Amino acid sequence: MKEILFSSIEGIRIGNAENLEGPTGCTVVICPGGAVAGVDVRGGAPGTRETDLLNPVNMVNRIHAVLLAGGSAFGLDAAGGVMQYLEENNIGLDVKVTRVPIVCAAVLFDLSIGNCKIRPDRSMGYEACVNSELNICKNGNFGAGTGATVGKILGDSHAMKGGIGTYAVQAGDLKVGAVVAVNCLGDIVDNGSIIAGALNEDGKSFAGTENIMLSRYSSKKNLFTGNTTIGIVATNGKFTKSGMTKISSMAHNGYGRAMKPAHTMFDGDTIFSMSTGKVQADLNVVGFLAAEVVEKAILKAVKSADSLLGYKSYKNI
């Protein structure tokens with residue numbers, strides 16, 4: 001097995017767009033030929049679009065793009081720009097009079113980091129699609145990770161910079177990759193050690209989010225102040241909608257390995273999965289690889305991020 005670029009998975013392409021004045025942005029993964037897809041929403045505060053149609057009992061079998069965006073619920077507007085771009089390029093479900101692109105989306109909360117009035121919108125979604133023609137993988141302060149932060153249990157003054165991360169692997173003809181926008185309430189952990197998260201007063205050492213939550217176990221405080229990690233797993237393996245739903249479920253193990261805690265009621269943790277259906281593959285193999293690439297994408301996002309608006313980064317610590 002070897003590491004490859006996420007963008008080298010045939011049949012898909014990735015694009016980012018951002019506004020540093022926000023700061024915020026969006027990331028799109030397009031599959032012009034259509035992808036069999038699944039989703040698993042684990043967080044208690046999700047913001048999503050077109051997740052119901054991914055239920056295996058529903059009719060539509062292929063989607064054409066997945067959008068990840070900042071801006072909280074406002075950021076879902078960026079999907080309109082993705083729809084526009086795909087229709088202009090004759091990509092979508094043929095309904096005789098036109099083609100209707102099937103675009104799924106999830107958003108994260110980054111409104112508190114800068115100017116909350118600047119959010120991903122239709123034009124930014126369209127720009128991300130245009131940029132996908134270059135099919136360049138970016139990590140750090142780009143796309144949906146532009147305004148992402150981590151470790152917010154003690155407030156923004158103790159939080160650190162998150163970001164967007166990509167990671168992919170190849171075994172034989174099989175390819176599995178992930179793109180994740182890391183914006184969690186909790187800390188980021190690598191091999192059991194915190195590498196980014198809530199900082200102590202010294203601005204250098206880590207407070208330990210789970211320890212803080214334990215000490216406040218009886219508190220009813222609402223911690224919904226800027227969370228949610230959202231991601232996409234893509235593979236050239238061939239699977240049904242139900243299979244892709246299971247892969248999305250298994251991929252969440254990557255969240256559990258790299259984020260402490262994951263899937264809280266104050267996060268909207270969501271993972272989409274997309275299959276281009278080129279290679280016969282075992283679902284169990286792709287499932288555990290999905291968890292691995294998600295974990296590695298999270299770590300790459302945080303390790304690639306730069307300090308922004310006073311938020312320290314992994315590079316500083």
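Owing to the predicted nature of the structure, the values given are computational and were not obtained by experimental measurement. Note that these values count all heavy atoms, side chains included, but never hydrogens, waters or copies made by symmetry.
- The shortest non-hydrogen separation linking Cys31 to Met274 is CB-CE, 4.0 Å.
- Aromatic ring orientation, Tyr126 versus Tyr85: perpendicular (interplanar angle above 60°, classes split at 30° and 60°).
- Taking Asn58 as the reference, Asn55, Lys241 meet the side chain to side chain contact (heavy atoms under 4.5 Å, CB included) condition, with sequence neighbours excluded.
- In this structure Asp40 satisfies the salt bridge (Lys or Arg N to Asp or Glu O under 4.0 Å) test together with Arg42, sequence neighbours excluded.
- Other residues, nucleotides and ligands contribute only 12 or fewer heavy atoms inside 6.0 Å of the CZ atom of Phe74.
- At distances below 3.5 Å, not a single donor-acceptor pair connects side-chain atoms of Asn89 with backbone N or O atoms of Ile91.
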Under 3.5 Å, which donor-acceptor pairs link side chains of residues 163-174 to any protein atom two or more places apart or in another chain?
from	atom 1	to	atom 2	distance (Å)
Thr166	OG1	Asn139	OD1	3.1
Gln170	NE2	Gly172	O	2.8

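- Other members of the cluster containing Leu308 are Ile113, Leu309, Tyr311, with ILVMFWY side chains joined at under 4.5 Å, either directly or via other members.
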Side-chain polar contacts of residues 276-283 - donor-acceptor pairs under 3.5 angstrom, sequence neighbours left out - could you list them?
from	atom 1	to	atom 2	distance (Å)
Asp282	OD1	Asn284	N	2.6
Asp282	OD1	Asn284	ND2	3.1
Asp282	OD1	Val285	N	3.4

Checking salt bridge (Lys or Arg N to Asp or Glu O under 4.0 Å) for the pair Glu210/Lys260: CA distance, chi angles, key distance, verdict?
CA-CA 7 Å; Glu210 289 186 337; Lys260 301 291 185 180; 5.5 Å; no

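- Atom OH of Tyr314 sits in a sparse spot, with 12 or fewer heavy atoms from other residues, nucleotides or ligands closer than 6.0 Å.
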Might you work through the side chain to side chain donor-acceptor pair (under 3.5 Å) test for Asp110 and Thr24, ending with a clear yes or no?
CA-CA 7 Å; Asp110 59 3; Thr24 191; 2.7 Å; yes

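- For the pair Ile153/Met213, a side-chain contact is recorded, criterion being any heavy-atom separation below 4.5 Å from C-beta on.
- One finds no salt bridge joining Glu3 and Lys296 here, because no Lys/Arg side-chain nitrogen approaches an Asp/Glu carboxylate oxygen to under 4.0 Å.
- Between Thr235 and Ser275, the closest side-chain pair of non-hydrogen atoms falls below 4.5 Å.
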Show me, pair by pair, the donor-acceptor contacts under 3.5 angstrom made by side chains of residues 59-66, not counting sequence neighbours?
from	atom 1	to	atom 2	distance (Å)
Arg62	NH1	Gly34	O	2.8
His64	ND1	Ile102	N	3.1

